[in-house]
Q: 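This structure is in structure tokens; I'll ask about it shortly.
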Amino acid sequence: SSGKSSTKANQLGAYPIYGSTGQIGKTSSPEYFGGKILIARVGHNAGSIYKVEGKYSVSDNTLITDLDKNLDSDFIFLTLLKVNLHKLVFGSGQPLVTAGHLKSLKIHLPSELEQQKIAEFLTSVDNWVQNLKKQKENLEKYKKGMMQKIFSQEIRFKDENGKDFPKLKDGLIKDMGKIVGGGTPSTTLSVYWNGNINWFTPSEIKNKYVNESKRKISDQGLKQISSKILPVGTLLLTSRATVGFVSIARNESTTNQGFQSIVVNSNNSNEFLYYWINNFRNEFLRKANRSTFLEISGKEVGKIKILIPSLEEQQKIADFLTSVDKVIESKEQQIALAENWKKGLMQRMFI
């Protein structure tokens, strides 16, 4: 435990508590009450810290701080987050952090009142960040719900004159564009690589749009694969192992054999089809072959049924869902800025 101090460095006490199962709240160890800071002592999460309230018990794989009354537990918790206790962990087979390491840890303590002020302020910042994350989560739920309603025709858009659009037509994916597979040039010949032609792999398909691939092939490499250059706007659809993920290419591209990309024709909207695929990913999984690994052929992709709206209605749907995406993206940027601001504050406060 720590004695009183204003700005001097002090040692933080930590003591092992004994139990049996390694799970908080489910052991036969002594029970504790009130706010305590718990530190994982052993295992893959050694050095991770937790603040708990109320009644609980802990195992012998946990360290618990026993703080003096003049120390604010929220302040100490934030200080330990800044210190990053993972740096104290040692051992490769069974990572470990000991009570001795924590007892010798030196921290700078302001007055008790200042501790409380700092903790209250940073807690309010945390609450702000959590509120932004909750807003983003609600927006994502809203988008998912609207997609389900739109593609089930529970919601229909109107044209510019307020009139209904024509009835949707029964169609297939292949009616909306050309389906193109990918390929991989020999990886043993350097002449096929390090060119300026985008060459995507399924692991790169994470966002709505993709710009630049991690690896690129040369003109000679392009000649070695069956597919040709895919134009801007092509839907890069993963078809092997991770089936049914899709991004829109913002630049001319090629892909490896883990794709059945769709070059959408001029009668349809690539953005509309992008959102449709996201909503009906299970259709692609259901059609996939499960012998060696999950894979769907271009032929099977083309045979998937789809109700096709008029081009104008497709664009209305795509514009609406894109506008929701932009709000979500804006919220993500706010979260990133808030977290970076908090990080900067903690760096200045906990020197």
Side-chain angles (χ1 to χ4, degrees), residues 1-15 17 23-25 31-41 45-58 61-89 97 99 101-103 105-141 327-351:
S1 60
S2 302
K4 291 185 178 180
S5 174
S6 55
T7 57
K8 295 180 180 179
N10 284 263
Q11 290 184 326
L12 177 67
Y15 306 93
I17 302 297
Q23 296 294 323
I24 295 172
E31 293 181 337
Y32 295 87
F33 297 87
K36 293 285 185 181
I37 300 169
L38 307 181
I39 299 121
R41 187 180 67 86
N45 64 337
S48 298
I49 67 173
Y50 310 88
K51 192 168 186 299
V52 294
E53 301 288 343
K55 183 179 178 181
Y56 57 89
S57 58
V58 296
N61 286 335
T62 308
L63 299 170
I64 183 169
T65 57
D66 187 14
L67 302 175
D68 284 349
K69 292 180 180 179
N70 65 304
L71 298 179
D72 184 89
S73 61
D74 287 329
F75 176 84
I76 298 299
F77 178 76
L78 292 167
T79 300
L80 293 178
L81 282 178
K82 174 63 173 61
V83 168
N84 185 6
L85 299 182
H86 294 288
K87 294 186 296 186
L88 301 178
V89 176
V97 61
H101 283 120
L102 292 171
K103 288 179 182 179
L105 183 65
K106 292 184 180 295
I107 60 175
H108 291 269
L109 296 175
S111 66
E112 184 178 358
L113 179 60
E114 189 175 356
Q115 290 177 43
Q116 293 171 350
K117 291 287 186 182
I118 292 171
E120 288 171 1
F121 175 71
L122 289 176
T123 298
S124 69
V125 175
D126 270 337
N127 291 338
W128 173 42
V129 172
Q130 291 305 314
N131 184 46
L132 288 172
K133 289 181 177 179
K134 185 64 177 177
Q135 291 175 31
K136 176 177 173 282
E137 182 184 335
N138 288 337
L139 283 166
E140 289 171 337
K141 289 179 180 177
V327 178
I328 293 173
E329 183 180 352
S330 174
K331 203 62 63 178
E332 289 173 343
Q333 293 171 352
Q334 291 177 47
I335 292 168
L337 286 171
E339 289 180 330
N340 286 334
W341 183 61
K342 178 193 169 185
K343 183 178 179 180
L345 285 174
M346 291 185 69
Q347 288 173 341
R348 292 192 293 272
M349 288 180 174
F350 300 96
I351 301 173

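Start at 1 with the first residue, then count along the sequence. Computed from a predicted model, the values in this text were never measured in an experiment. Computed over heavy atoms, backbone and side chain alike; hydrogens, waters and symmetry mates excluded.
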Q: Measure the spacing between OG1 of T123 and CZ of F75 and express it to the nearest 0.5 Å.
A: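 Nearest 0.5 Å value for the OG1-CZ distance: 12.0 Å.
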Q: Assess the residue pair Q116 and E112 against the criterion (side chain to side chain contact (heavy atoms under 4.5 Å, CB included)); give the C-alpha distance rounded to whole Å, side-chain angles, the decisive distance to 0.1 Å, and a yes or no.
A: CA-CA 6 Å; Q116 293 171 350; E112 184 178 358; 3.9 Å; yes
Q: So which atom in Y50 and which in F77 form the shortest heavy-atom distance, rounded to 0.1 Å?
A: C-CE1, 3.9 Å
Q: Going by the side-chain contact (heavy atoms from CB on, under 4.5 Å) test, name the single residue among Q334, K141, E332, E329 that passes it with K136.
A: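 Of the listed residues Q334, K141, E332, E329, the side-chain contact (heavy atoms from CB on, under 4.5 Å) partner of K136 is E332.
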Q: Just how far is it from atom CG of D126 to atom CG of D74, taken to the nearest 0.5 Å?
A: 10.0 Å
Q: Over all heavy atoms of both residues, which pair between A338 and L132 is shortest? Give the atoms and the distance, please.
A: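 Between these two residues, the closest heavy atoms are CB-CD1, 4.1 Å.
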Q: Nearest 0.5 angstrom please: Q135 CD to I335 CD1, how far?
A: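 One gets 8.5 Å once the value is rounded to the nearest 0.5 Å.
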Q: Considering non-hydrogen atoms only, spot the tightest contact between K342 and V125 and give its length.
A: CB-CG1, 3.8 Å
Q: At what distance, to the nearest 0.5 angstrom, does CD1 of I37 lie from CD1 of I49?
A: 6.5 Å
Q: Tell me whether N131 contacts the main-chain N or O of N127 through its side chain, where contact means a donor paired with an acceptor under 3.5 Å.
A: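 Side chain of N131 to backbone of N127, a donor-acceptor pair under 3.5 Å: no, none is there.
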Q: Regarding E140 and K331, does a basic nitrogen lie under 4.0 Å from an acidic carboxylate oxygen?
A: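 Between K331 and E140 there is no salt bridge, as every charged N stays at least 4.0 Å from the carboxylate O atoms.
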Q: The test is side chain to side chain contact (heavy atoms under 4.5 Å, CB included); show your working for I39 and L85 and say whether it passes.
A: CA-CA 9 Å; I39 299 121; L85 299 182; 3.9 Å; yes
